[in-house]
There are 2 protein chains.
Amino acid sequence: MTTSPTNGRRPTIDDVARAAGVSKGTVSRALNGHRWVSPDAQRAVEAAVKQTGYRANALARGLKLQRAGSVAFLLGEDLDHMFGDPNFATLMRGASDSLAEMSMSMVLLLAGSADEQARALDFIGTGTIDGVMFVSWHHDMSVLTDLNRAGIPTIFCGTPRAGDPMTSFVTADDLDGAIQMVEHLLSRGRKRIGMIAPPKDAVGGSLRVEGYLRALGDLADESLIVYGDYTREGGRAGMLKLLAQHPDIDAVFAANDLTAAGAIEAAQAEGKVVPDDISIGGFDDNSAATSTVPAITTMRQPFIRLAKEMTRLLIDQINGEPPAQLTLRTELVVRDST
Amino acid sequence: MTTSPTNGRRPTIDDVARAAGVSKGTVSRALNGHRWVSPDAQRAVEAAVKQTGYRANALARGLKLQRAGSVAFLLGEDLDHMFGDPNFATLMRGASDSLAEMSMSMVLLLAGSADEQARALDFIGTGTIDGVMFVSWHHDMSVLTDLNRAGIPTIFCGTPRAGDPMTSFVTADDLDGAIQMVEHLLSRGRKRIGMIAPPKDAVGGSLRVEGYLRALGDLADESLIVYGDYTREGGRAGMLKLLAQHPDIDAVFAANDLTAAGAIEAAQAEGKVVPDDISIGGFDDNSAATSTVPAITTMRQPFIRLAKEMTRLLIDQINGEPPAQLTLRTELVVRDST
DNA sequence: CTGAAAGCGCTTACAG
DNA sequence: CTGAAAGCGCTTACAG
């Protein structure tokens, strides 16, 4: 029965303590940055950790601390819908990065189908997760309700609407963003400005429509609004419809960049010159915005910042702070499509 | 000091035991399906669980059992590259589903960048995960090496190549699939068959090239091979190149469906009729295969089955079985492009 | 500054 | 069939 650092099983804190010649309490204190550890002990522990390849068992640690040390990125959307949406990857990577800075880890949980929802909730209920970031492009907030009921710290990405369960959220200012874009279009001398709107159940979608209407004021004409679905295809279809019904339009506010890209393609296919004949503005400022010729004038959503604030607020909440809600401004990025 | 089922903290097994009027040992036995529990006790426990809303703490359970109860789906690819690749979503959903059937949960871990790799490895080393499914479209197997060294049960999706660390894997038969496709093209009377190959570092890519060459035998002409990158764009470019260099080709084997879709578009843009002037075959049978007109003849990869076998083999390995390697046949799906 | 001890919430031989 | 007890690997008051 030797000290056998590695005989198949993972080294424990006892192995480290033995190798360092101190008690495991001291090892723990040395590792967790507590004061009250002599330089000698600190050195010995560090050497022993290196020698044994010790990593604290997260299960044991979490059990004692009543903290799992990880949060879920819960995706309330079918995985396939996420494909082709560059926002998602950016948001997710941003969250993963800022979580890592706080030495917490992120796990992605799928909640697109009812089945997946049940599974995710089950997993969360098991104590493996300290909190959840809920991301969904459409309004189906039953998961949020369940999470609330279970008392899990949760933060939502986007603006919930009236009637949705009350939670923390972080969002870009959809209303103001839409206003800025339409005002930009107006400043370009455009008079007949159509909109290819977000799908009706999109989170924050009605705010963009409202901003559009508000900025237009007396010029507003509801018949100039057609609904898209946030895809390139939808943008094409929307533009075609708009052109057919209102041959006189000279600008279009597209609900997002993907939509704008499709709209540009369709307009060009119809023989229109963008922006000379028709200006087209988008929303997001993701890779789609520079995938077209001309490149798209758009409202930049601060995705990385959103992700950062989302993790900050969530962690505060895990630490007992009350829920909070944060709205971030968007910024006009002028390119060649307007 | 009442029994207080819910006073903020989660109910524990002690709460259930108290409510059911039995010991916690009995509760545990009742919940884990052990024999040797009287019907009365079983009923009492079930009622108490319902009443308290008890869910076993996974941390405590895992600590005792030396089992985390979850596996990682480790993605060795930049998240952005995954977007636009329908295979990935299918594989991931398949894995998630079959894992759920074994009441294990799946967490997605990103390992696209060096940073993410380090973080993922760190997380895994912490004991929160019982095993990992490693998915990567390109050859950079250093993660596999680290996983092996750490003694983490791991299964790879795709065929590692000589020199890669030895592990379990599940793969579609790339070699045979390529042979089948080329033979199909030959059976259509095609003589000059080009190939838009997978990128050179693609997992299993060289096998598809080898199958192409082998099926062609004496007809093989290496100058008819151009390299793509598994994207639609790459398919377009490849086709254009092929057409420019070899105006006489009458068929193309595209490395995957995305490539085939791009190739069809490019061929048509050049005034070719598919399949009359030129037959184009793909590989995968995902949504891209039916996104074009004509729809694409392709080799179906059994993604769901791959995912299922991947989880089965991984779990066996977690349970102490030795590593294993499984190759699944692909199936020719004839559509209109050949 | 450090060690011994208790306890986080489970499961499972071990007695009965 | 069931309860009491030990122990999984940690952290943190509590004494010293």
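Per chain, numbering begins at 1; letters A, B, ... match sequence-line order. Values in this document were obtained by computation on a predicted structure and should not be read as measured data. The figures here come from the full heavy-atom set of this structure, side chains too, leaving out hydrogens, waters and symmetry mates.
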Quick one, [X] and [Y] - any side-chain contact, counting heavy atoms below 4.5 Å?
| X | Y | answer |
| --- | --- | --- |
| B/R55 | B/R10 | yes |
| A/R61 | A/N32 | yes |
| A/V107 | B/F123 | yes |

Base paired to C/dA4 (Watson-Crick or G-U; both N/O distances under 3.5 angstrom): none
Can you tell me the pairing partner of D/dA13 across any strand shown, Watson-Crick or G-U wobble, with both distances under 3.5 angstrom? none
Whole-Å gap separating [atom2] ([N]) and [atom1] ([X]):
| X | N | atom1 | atom2 | answer |
| --- | --- | --- | --- | --- |
| A/Y54 | D/dG9 | OH | P | 10 Å |
| B/W36 | C/dG16 | CH2 | P | 17 Å |
| A/N57 | D/dC8 | CG | C1' | 8 Å |
| B/K24 | C/dG9 | NZ | P | 9 Å |
| B/R67 | C/dT11 | CZ | P | 14 Å |
| A/R9 | D/dC8 | CZ | P | 10 Å |
| A/R29 | C/dC1 | CZ | C1' | 8 Å |
| A/I13 | C/dG3 | CD1 | C1' | 13 Å |

Tell me whether the side-chain N/O atoms of [X] come closer than 4.0 Å to OP1 or OP2 in [N].
| X | N | value |
| --- | --- | --- |
| A/Q66 | D/dT11 | no |
| B/T12 | C/dG9 | no |
| A/R61 | D/dT11 | yes |

Between D/dG9 and D/dA13, how far apart are the two P atoms, rounded to whole Å? 23 Å
How far, in whole Å, is D/dT12 from D/dG16 if one measures between their C1' atoms? 16 Å
Tell me what [X] touches on the nucleic acid: a base, only sugar-phosphate, or nothing, going by heavy atoms under 4.0 Å.
| X | value |
| --- | --- |
| A/N32 | sugar-phosphate |
| B/L63 | base |
| B/S38 | sugar-phosphate |
| A/T26 | sugar-phosphate |

Considering all heavy atoms, the nearest A/L109-A/A72 contact: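 Closest heavy-atom pair between A/L109 and A/A72: CD2-CB, 3.7 Å.
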Over all heavy atoms of both residues, which pair between B/A19 and B/Q51 is shortest? Give the atoms and the distance, please.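 Looking at all heavy atoms of both residues, the shortest contact is CB-OE1, 4.3 Å.
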Checking C/dC8, C/dG3, C/dC10 against the side chain of A/V22 (C-beta onward), the nearest is C/dG3
Start at the 5' end of DNA chain D and walk down; is the nucleotide closest to B/L65 or to B/D40 reached first? B/D40
Rounded to the nearest 0.5 Å, what's the gap from CH2 on A/W137 to CG on A/D85? Could you check?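 So the CH2 of A/W137 and the CG of A/D85 are separated by 5.5 Å.
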Using only modelled atom types and a 3.5 angstrom limit, is any donor from either the side chain of A/R10 or the base of D/dG9 paired with an acceptor on the other? no
